[in-house]
K.L.:
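Take a look at the following structure, please.
Note that these values count all heavy atoms, side chains included, but never hydrogens, waters or copies made by symmetry. Every chain is numbered from 1 and lettered A, B, ... according to where its sequence line falls, protein lines coming before strand lines.
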Amino acid sequence: MKRKIKNYVKIGFLFLGMSLILLSCEQEQTLELRNEQRKSLFIPKAMNLTKAKNVVSFNKLSSKFKLTPFLNSQKQTRSTGDFNLDLENFYEIQYDDYISYTFLITRETSTDEVVENLVVEQKNNSIRGYIIKYEEIDYYPEANNIFLRAKVSRTSYQGDINELINDNSIQFRTSSEWDCELVTTTTLRVCSVHGSFQSGNPACGNYGESDWDYNTEEICTYTGSGTGPDTIIDQGDSTTGGGETTDGATTPIIPCRESLDDLGLVGSNSNCEEEKITIDPSVPDCVKNIIAKMREDTTYIDLGDMPDIVKEELNLTGQIMDVFNNSERYNLNFKVEDLGLDDQGNELNARTTIRVESGKIFFDISLNTNYVNSATDLSIARSLIHEALHAYISYLYQDQLFSDLKDSLDHLINQTGSTLVAQHMLMTQQFMGAIANSLESWDDSSLSNKDYYDYLSWSGGMIATPAFSDMPSDFQQNSLNANIAEQSNTSNALGTRNCD
Amino acid sequence: MKKVIVFSILALSFQSCLLAQTKIKKKKATENFIKTCITNMANNYNISNSIVLKSHLKNSKLEELFTPDYFYLINKYNVKSEKDIVRFNTLFSKEEFLSMQNQIKNNSLKKWSQLIGKRYFKKDIKRKYVSFSIPVFNKDYTMAIAYLTFNHSVELRVFKKTDDGSWKHIAGTLLSSSN
């Protein structure tokens with residue numbers, strides 16, 4: 001009997017143990033998911049000469065590598081031919097005690113088939129440089145991604161630029177033996193689906209880490225006669241992650257070409273100039289014309305450091321467009337789409353959404369398709385100004401941490417419990433004049449009743465603010481009437497409808 | 001042999017106990033978080049019983065907003081000097097970001113009432129609605145981050161645990177606004 005009980009206890013314990021194992025499997029599943037995430041080694045940082053001159057490590061490297069004369073002169077002629085460095089678009093890579101700068105080299109004899117980059121690097125306090133050559137460059141699509149594939153070789157390492165150019169005569173294959181080192185190349189992915197990349201799976205690699213794709217290969221300088229091994233980098237085959245041994249790192253900078261533009265590779269490993277304000281193909285010509293006129297608006301006065309309260313009373317559209325045109329990180333994008341209804345079943349006219357891609361911040365300003373088809377130009381222009389102002393306030397809120405605007409907005413968020421309500425209240429307190437003036441400027445002040453611009457400057461969530469309720473009742477009524485008339489192009493509308 | 005079995009069972013029990021404790025800790029923190037939010041927002045909003053499970057972005061899953069890229073956009077309120085600035089994209093470790101994403105992915109709750117009962121969700125027709133995602137916590141449960149959808153807007157908000165155990169809204173960013 002006792003033995004039986006003992007056996008039951010044993011079986012019981014075993015059963016309990018197995019249950020516990022099964023229970024802990026839940027946790028293992030989570031850990032497995034984590035293991036799928038591949039770590040980024042580093043994120044290349046886009047640089048230009050003006051920015052780089054304030055970076056201590058750049059000044060040290062360029063001085064020791066004797067790059068300084070190159071930085072002060074746009075063009076350097078050497079016996080090897082014209083040799084130019086693109087100083088407006090180069091990359092810095094930094095991790096642990098390693099740092100490198102990669103520049104695009106151009107020559108008068110350059111062809112599309114061969115691309116040369118100068119890489120200057122510091123590792124363990126030792127500074128050296130080499131030229132890396134990419135041939136047979138191919139950007140190929142794999143599912144929804146575009147990857148770079150190229151044949152790569154490099155010169156031997158040299159201590160300064162003169163040794164590299166003169167002593168080596170830009171020879172990629174000259175000495176007596178193979179000299180290979182592991183070099184990690186990284187390219188910015190053009191990626192629309194995120195996840196873990198596998199063959200046949202449209203997702204990008206390095207999910208959850210960055211938009212940079214890494215590839216570590218032995219890249220060789222060829223020395224001696226005959227032909228050597230061709231190193232192929234293929235970012236699509238990239239399997240490298242954190243902890244991989246690498247002797248150095250670079251990111252290929254490929255000159256801008258029409259074919260790259262077509263692939264949507266602007267700004268990613270190409271030196272194509274990036275358009276900061278973009279218009280989606282969904283935007284019809286009638287709206288494009290409204291936006292184009294706003295972009296051409298140069299009647300605003302740039303008051304620089306004048307108090308915000310002064311600037312905010314003036315025409316703002318041109319200034320907003322200018323801010324986004326000159327910002328490295330922030331972009332403005334216009335589109336037209338079906339925005340659907342809000343919780344109360346009301347149709348939405350416009351929306352501003354923040355999207356982050358490849359470290360860049362996009363404010364997508366969307367107009368509702370039905371609204372575009374029914375509203376007058378005056379109403380659409382006002383909505384674009386209103387949405388651009390949301391983007392502008394969000395930008396200032398991010399960019400100017402010690403401004404009166406941030407203080408005011410923080411106070412209003414605390415008071416209302418909603419950032420959007422707070423932004424609308426801020427608009428009513430500080431930007432009403434700016435909205436009306438911007439609209440009047442866009443409309444070339446064509447209306448005889450100038451108050452009409454004031455009426456239309458109140459819209460959307462602003463109408464629900466206490467500031468609107470505090471306006472004289474006839475002003476409120478005129479404002480509501482103007483909004484209805486222009487939104488639906490009724491017989492009372494003063495604007496014209498150009499979209500069908 | 002007996003000793004090995006006993007030791008294995010003890011070890012498994014200990015691991016299971018740790019796991020259970022973590023789950024209980026997270027459940028309690030989540031309960032406490034949503035109760036605090038309901039109380040703090042009571043003047044302006046009704047909190048929806050439905051938990052937000054989807055992102056407002058067409059091509060992104062909700063967990064994809066819990067990344068350093070989107071946390072870069074989060075601003076701390078009432079910044080008076082440099083020392084008050086918090087960079088939320090670097091404040092949390094990579095492991096914490098992955099854990100946050102997993103917390104969203106592995107969430108099985110669809111209604112808050114599954115956690116705290118229905119009595120917290122009384123409708124006041126004067127107030128508008130706000131919906132919360134499940135909050136995600138940092139490693140030591142001192143900070144919670146949630147995704148909020150209002151009638152015309154979407155926000156990512158950071159909350160800090162106060163000395164009395166409640167959660168204070170300290171930072172946020174507007175991700176989308178309509179009209």
K.L.:
So, the side chain of Asn49(B) versus the backbone of Trp112(B): is there a donor-acceptor pair under 3.5 Å, distance only?
P.N.:
yes

K.L.:
Which bit of Ile413(A) comes within less than 4.5 Å of chain B, counting heavy atoms only: side chain, backbone, both or neither?
P.N.:
side chain

K.L.:
To the nearest 0.5 Å, what is the distance between CD1 on Ile320(A) and CG on Leu396(A)?
P.N.:
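One gets 8.5 Å once the value is rounded to the nearest 0.5 Å.
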
K.L.:
Output the distance between atom CD (Glu31(B)) and atom CG (Leu115(B)), rounded to the nearest 0.5 Å.
P.N.:
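Nearest 0.5 Å value for the CD-CG distance: 4.5 Å.
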
K.L.:
Specify the closest pair of heavy atoms between Met462(A) and Ile435(A), including all atoms of both residues, with the distance to one decimal.
P.N.:
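Nearest pair, atom of Met462(A) first, then Ile435(A): CE-CD1, 3.8 Å.
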
K.L.:
Between Lys110(B) and Ser50(B), do the side chains contain an N or O donor and an N or O acceptor separated by less than 3.5 Å?
P.N.:
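No - no donor-acceptor pair under 3.5 Å links their side chains.
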
K.L.:
Select one option (side chain, backbone, both, neither) describing which atoms of His424(A) are under 4.5 Å from chain B's heavy atoms.
P.N.:
side chain

K.L.:
At what distance, to the nearest 0.5 angstrom, does CD1 of Ile365(A) lie from CG of Asp280(A)?
P.N.:
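Atom-to-atom, Ile365(A):CD1 and Asp280(A):CG are 13.0 Å apart.
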
K.L.:
So which atom in His390(A) and which in Leu420(A) form the shortest heavy-atom distance, rounded to 0.1 Å?
P.N.:
CE1-CD1, 3.5 Å

K.L.:
Gly460(A), Ser394(A), Gly417(A): which one forms the most heavy-atom pairs within less than 4.5 Å of chain B?
P.N.:
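Of the candidates given, the most pairs with chain B belong to Gly417(A).
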
K.L.:
Report the C-alpha separation of Glu96(B) and Leu91(B) in whole Å, then their side-chain angles, then the decisive distance to 0.1 Å, and conclude whether the side chain to side chain contact (heavy atoms under 4.5 Å, CB included) test is met.
P.N.:
CA-CA 10 Å; Glu96(B) 281 178 304; Leu91(B) 180 69; over 6 Å; no

K.L.:
How long is the span from the OG atom in Ser366(A) to the OH atom in Tyr371(A), to the nearest 0.5 Å?
P.N.:
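Nearest 0.5 Å value for the OG-OH distance: 13.5 Å.
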
K.L.:
Using a 6.0 Å cut-off, check whether atom CZ of Arg127(B) has over 12 heavy atoms from anything other than its own residue.
P.N.:
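Correct, the count exceeds 12.
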
K.L.:
Anything in residues 128-146 of chain B with a heavy-atom distance to chain A below 4.5 Å? Please list those residues in order.
P.N.:
none

K.L.:
Determine, using ring centers only, whether Phe97(B) and Phe71(B) are less than 6.0 Å apart.
P.N.:
yes

K.L.:
Can we call the ring centroids of Phe66(B) and Tyr147(B) under 6.0 Å apart?
P.N.:
no

K.L.:
Show the numbers, then the answer: is there a side chain to side chain contact (heavy atoms under 4.5 Å, CB included) between Arg382(A) and Glu486(A)?
P.N.:
CA-CA 10 Å; Arg382(A) 187 282 322 278; Glu486(A) 301 302 325; over 6 Å; no

K.L.:
Which bit of Ile361(A) comes within less than 4.5 Å of chain B, counting heavy atoms only: side chain, backbone, both or neither?
P.N.:
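The side chain, not the backbone.
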
K.L.:
Quick one: OG on Ser99(B) to CZ on Phe92(B), what's the gap to the nearest 0.5 Å?
P.N.:
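Ser99(B) OG to Phe92(B) CZ: 11.0 Å, rounded to 0.5 Å.
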
K.L.:
Please look at Glu387(A) and chain B and tell me whether the side chain, the backbone, both or neither of the residue comes under 4.5 angstrom of a heavy atom of that chain.
P.N.:
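The side chain, not the backbone.
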
K.L.:
Quick one: which residues of residues 162-179 of chain B reach chain A at under 4.5 angstrom, heavy atoms only?
P.N.:
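Checking residues 162-179 of chain B against chain A gives His169(B), Thr173(B), Leu174(B), Leu175(B), Ser176(B), Ser177(B), Ser178(B), Asn179(B).
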
K.L.:
Please determine, among Leu57(B), Asn44(B), Asn151(B), Val154(B), the option with the most heavy-atom pairs under 4.5 Å with chain A.
P.N.:
Asn151(B)

K.L.:
Need one label for Glu337(A): side chain, backbone, both or neither, based on atoms under 4.5 Å from any heavy atom in chain B.
P.N.:
side chain

K.L.:
So which part of Tyr397(A) gets closer than 4.5 Å to some heavy atom of chain B, the side chain, the backbone, both or neither?
P.N.:
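Looking at Tyr397(A), backbone and side chain both touch chain B.
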
K.L.:
Using heavy atoms and a sub-4.5 Å threshold, report which of residues 33-42 of chain B line up against chain A, by residue number.
P.N.:
Met41(B)

K.L.:
Checking Thr416(A) against chain B: side chain, backbone, both or neither under 4.5 Å from a heavy atom?
P.N.:
backbone

K.L.:
Show your working on side chain to side chain contact (heavy atoms under 4.5 Å, CB included) between His152(B) and Arg351(A) and close with a plain yes or no.
P.N.:
CA-CA 9 Å; His152(B) 283 172; Arg351(A) 174 181 291 157; over 6 Å; no

K.L.:
Name the region of Ser459(A), side chain, backbone, both or neither, that has any atom closer than 4.5 Å to a heavy atom of chain B.
P.N.:
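Contact with chain B: none, neither part.
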
K.L.:
Please report the closest heavy-atom contact between Tyr70(B) and Val356(A), naming both atoms and the distance.
P.N.:
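Here Tyr70(B) and Val356(A) meet closest at OH-N, 3.0 Å.
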
K.L.:
On a heavy-atom basis, which atom in Asn331(A) and which in Lys360(A) lie closest, and how many Å separate them?
P.N.:
ND2-CB, 3.9 Å

K.L.:
Calculate, to the nearest 0.5 Å, the distance between atoms CG and OG1 belonging to Leu98(B) and Thr67(B) respectively.
P.N.:
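So the gap between those two atoms works out to 11.0 Å.
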
K.L.:
Under the side chain to side chain contact (heavy atoms under 4.5 Å, CB included) criterion, do Leu456(A) and Asn483(A) qualify, and how do the steps go?
P.N.:
CA-CA 6 Å; Leu456(A) 271 182; Asn483(A) 269 287; 4.3 Å; yes

K.L.:
Identify which of Leu409(A), Val421(A), Leu348(A), Asn349(A) forms the greatest number of heavy-atom pairs closer than 4.5 Å to chain B.
P.N.:
Leu348(A)

K.L.:
Might you point out which heavy atoms bring Leu339(A) and Asn368(A) nearest each other, and give the distance in Å?
P.N.:
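Shortest heavy-atom separation between Leu339(A) and Asn368(A) comes out as N-OD1, 3.2 Å.
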
K.L.:
Considering heavy atoms only, which positions within residues 73-82 of chain B lie below 4.5 Å of chain A?
P.N.:
Leu73(B), Ile74(B), Asn75(B), Lys76(B), Tyr77(B), Asn78(B), Val79(B), Lys80(B), Ser81(B), Glu82(B)

K.L.:
Heavy atoms only: give me the nearest Glu155(B)-Arg157(B) pair and the separation to one decimal.
P.N.:
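In this case the closest contact between Glu155(B) and Arg157(B) is OE1-NE, 2.8 Å.
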
K.L.:
Using heavy-atom distances under 4.5 Å, tell me whether Asp407(A) contacts chain B through its side chain, its backbone, both, or neither.
P.N.:
side chain

K.L.:
Is the side chain of Asn106(B) donor-acceptor paired with the backbone N or O of Asn102(B) at a distance under 3.5 Å, no angle test?
P.N.:
yes

